Amino acid sequence: MRQLDPKLAAQRPLDIFVFSIESVQGQSLKTHEDSLRLLEKLGFKVGEFQVFEDMNRVIEHCEKVKNLRGDLPFEIDGVVLKLNDLSQREKLGYTSKNPKWATAFKFPPEEVETMVRSIEIQVGRTGNLTPVAHLTPVQISGSTVSKATLHNEDYIAEKDIREGDVVVVRKAGEIIPEVVRVNMDKRGPDTKVFEFPKKCPVCGSAAYRNEGEAYRQCLNASCPAQVRRKMEHFVSKKAMQIEHIGASIIERFMDQGIIEEIPDLYRLEEKKEKILSMDRMGEKSYQRMKDSVEASKQRDLHRFVYALGIPYVGEKTAKVLAENYDSIDEIVGSSKEAFEQIDEIGTVIAKEIEAFFQEERNVVLVEALKKAGVNTEKKKTNTQASRVFEGKKFVLTGTLPTLTRDQAKELIEKHGGSVSGSVSQKTDYLLAGEKAGSKRDKALELGIDILTEEQLMEWVR
DNA sequence: TGAGTTCTTG
DNA sequence: TAAAATGGGG
DNA sequence: CCCCATTTTACAAGAACTCA
């Protein structure tokens with residue numbers, strides 16, 4: 001489906017099951033069942049569903065579907081269980097990743113045997129050493145598996161996984177390869193217990209493992225592997241979102257001495273000659289990278305905080321920090337006592353943040369980025385407003401439940417839309433409240449979408 | 001200790 | 001992991 | 001025009017760890 005030319009996609013024998021409806025105008029849906037019935041009535045195919053009152057029936061149903069799996073004209077990997085009552089759903093809400101009102105019952109994944117050719121050690125952004133099994137490639141549920149993570153030292157020891165072993169592999173959730181166990185019957189006579197390296201495989205410095213911790217870590221902050229991974233993290237989509245610079249460009253540029261550390265990304269023009277002289281690097285590639293780097297100077301504070309790669313400061317915690325401080329300088333100048341006062345930040349993370357900014361190198365990094373022109377301050381609400389209404393013309397009518405007309409207008413304009421007085425062909429949306437009159441009729445006649453205040457708010461959120 | 005996040009992997 | 005888009009270079 | 005390398009993106013889980 002992912003085609004630039006829709007005609008190409010249209011040629012493919014595609015079909016759709018609709019499984020959810022996000023918002024409807026002029027209808028109040030109380031349950032998920034209602035919404036599916038409505039979709040059916042409107043002519044959409046919906047996935048098969050059933051409503052249960054009793055959890056035991058739900059379990060029975062999952063078992064039943066499991067047995068039906070092979071008979072279906074399409075592949076499934078499980079059954080989705082959702083709370084039917086929409087108001088109850090709202091009460092449960094979401095974590096930052098998942099709804100709390102739905103879960104999936106997954107069928108046991110297909111298991112296949114293959115051989116562990118070698119166990120390689122990778123060094124991550126934080127210095128953690130993670131062992132990865134390189135396998136003789138095998139097909140499992142539709143794709144080729146050639147590697148699988150072994151997590152850590154203990155995991156290997158517990159399952160006694162050795163190079164040369166025949167192992168049972170499966171794809172958890174049909175995606176992530178996992179080594180389930182060793183087939184001991186097929187163990188060769190001269191396999192050796194895997195010895196986890198005590199040195200960083202990249203920089204050779206001693207790798208320590210703290211009491212009670214799972215990972216052995218390379219503590220050398222200048223370890224090339226770590227520097228590289230930190231840079232990948234910095235440019236990544238959820239961090240500074242520098243497009244067209246990925247893992248392999250970073251690696252090649254580092255090998256060529258074009259970049260050594262993160263701030264060098266902002267000085268590509270100094271190395272333009274060298275970049276262009278590289279294989280498969282032309283003016284266009286250079287310019288694209290340059291433009292992306294330039295654009296990254298305008299990212300909001302929370303992205304910057306996340307991009308720094310402070311231990312345990314992921315996306316969520318970065319946002320929490322950015323809500324509590326207006327700039328990176330304020331964060332750098334703060335203390336662990338202050339961090340601890342913030343909800344969701346405890347003693348451990350507070351200490352990590354403080355320690356991070358006590359490192360000279362990290363302060364230098366922040367200063368260098370600031371100097372390069374990277375934004376390190378929280379943007380004002382009006383500049384960070386979304387542009388969801390860009391180019392859209394609105395007309396207001398009736399009395400809105402909570403907003404005054406002026407407030408609604410301000411909100412629409414803040415998000416890039418415009419408001420006009422009367423409904424015409426050019427109108428994109430009618431925002432209608434109580435006692436909407438002729439404008440509403442006109443909008444209906446012209447087939448213009450009619451929004452409630454609630455839907456408008458939903459949109460800008 | 002349960003819930004949620006981070007970190008890592010293909 | 002797979003697949004499409006993109007640009008470089010032959 | 002074709003081949004190739006690179007990026008991007010969706011998919012997703014499990015282990016480790018923190019917070020409260």
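The model shown is predicted, which means the values in this text are computed figures rather than measured ones. Proteins come first, then strands; the chains are lettered A, B, ... in the order of their sequence lines, and each starts at number 1.
Residues from residues 334-346 of chain A that place a heavy atom under 4.0 Å from any atom of DNA chain D, listed by number: A/Asp343, A/Glu344, A/Ile345, A/Gly346. Using a 4.0 Å cut-off on heavy atoms, the residues of residues 312-326 of chain A that approach DNA chain B are A/Tyr312, A/Gly314, A/Glu315, A/Lys316, A/Thr317, listed by number.
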Which protein N or O atoms sit under 3.5 Å from an N or O of nucleotides 7-10 of chain C?
{"residue": "C/dG7", "atom": "O3'", "partner": "A/Ser285", "partner atom": "OG", "Å": "3.3"}
{"residue": "C/dG7", "atom": "N2", "partner": "A/Arg280", "partner atom": "NH1", "Å": "3.3"}
{"residue": "C/dG8", "atom": "OP1", "partner": "A/Glu283", "partner atom": "N", "Å": "3.4"}
{"residue": "C/dG8", "atom": "OP1", "partner": "A/Lys284", "partner atom": "N", "Å": "2.9"}
{"residue": "C/dG8", "atom": "OP1", "partner": "A/Ser285", "partner atom": "N", "Å": "3.2"}
{"residue": "C/dG8", "atom": "O3'", "partner": "A/Met281", "partner atom": "N", "Å": "3.4"}
{"residue": "C/dG8", "atom": "N2", "partner": "A/Arg280", "partner atom": "NH1", "Å": "2.9"}
{"residue": "C/dG8", "atom": "N2", "partner": "A/Arg280", "partner atom": "NH2", "Å": "2.9"}
{"residue": "C/dG8", "atom": "N3", "partner": "A/Arg280", "partner atom": "NH1", "Å": "2.8"}
{"residue": "C/dG9", "atom": "OP1", "partner": "A/Arg280", "partner atom": "N", "Å": "3.3"}

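Counting non-hydrogen atoms of neighbouring residues, nucleotides and ligands closer than 6.0 angstrom, the CZ atom of A/Phe107 exceeds 12 such neighbours. Atom NZ of A/Lys82 is surrounded by more than 12 heavy atoms from other residues, nucleotides or ligands within 6.0 Å. Within 6.0 Å of NZ on A/Lys198 lie more than 12 heavy atoms contributed by other residues, nucleotides or ligands.
For the pair A/Arg181 and A/Val167, the minimum side-chain heavy-atom distance is 4.5 Å or more. Two residues are said to be in side-chain contact when any heavy atoms from C-beta on lie closer than 4.5 Å; A/Ser296 and A/Gln241 fail this criterion.
Between B/dT8 and A/Gln122, no contact under 4.0 Å exists linking OP1 or OP2 to a side-chain N or O. Dashed line: the shortest gap from a side-chain N or O of A/Asn98 to OP1 or OP2 of B/dG4 is not under 4.0 Å.
For A/Lys100 and A/Thr144, each mapped to the nucleotide of DNA chain B holding its nearest heavy atom, the one lying further toward the 5' end belongs to A/Lys100.
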Q: Decide side chain to side chain contact (heavy atoms under 4.5 Å, CB included) for A/Lys45 and A/Phe17; before the verdict, give the C-alpha distance in whole Å, the side-chain angles of both, and the deciding distance to 0.1 Å.
A: CA-CA 5 Å; A/Lys45 285 190 192 178; A/Phe17 292 99; 4.2 Å; yes
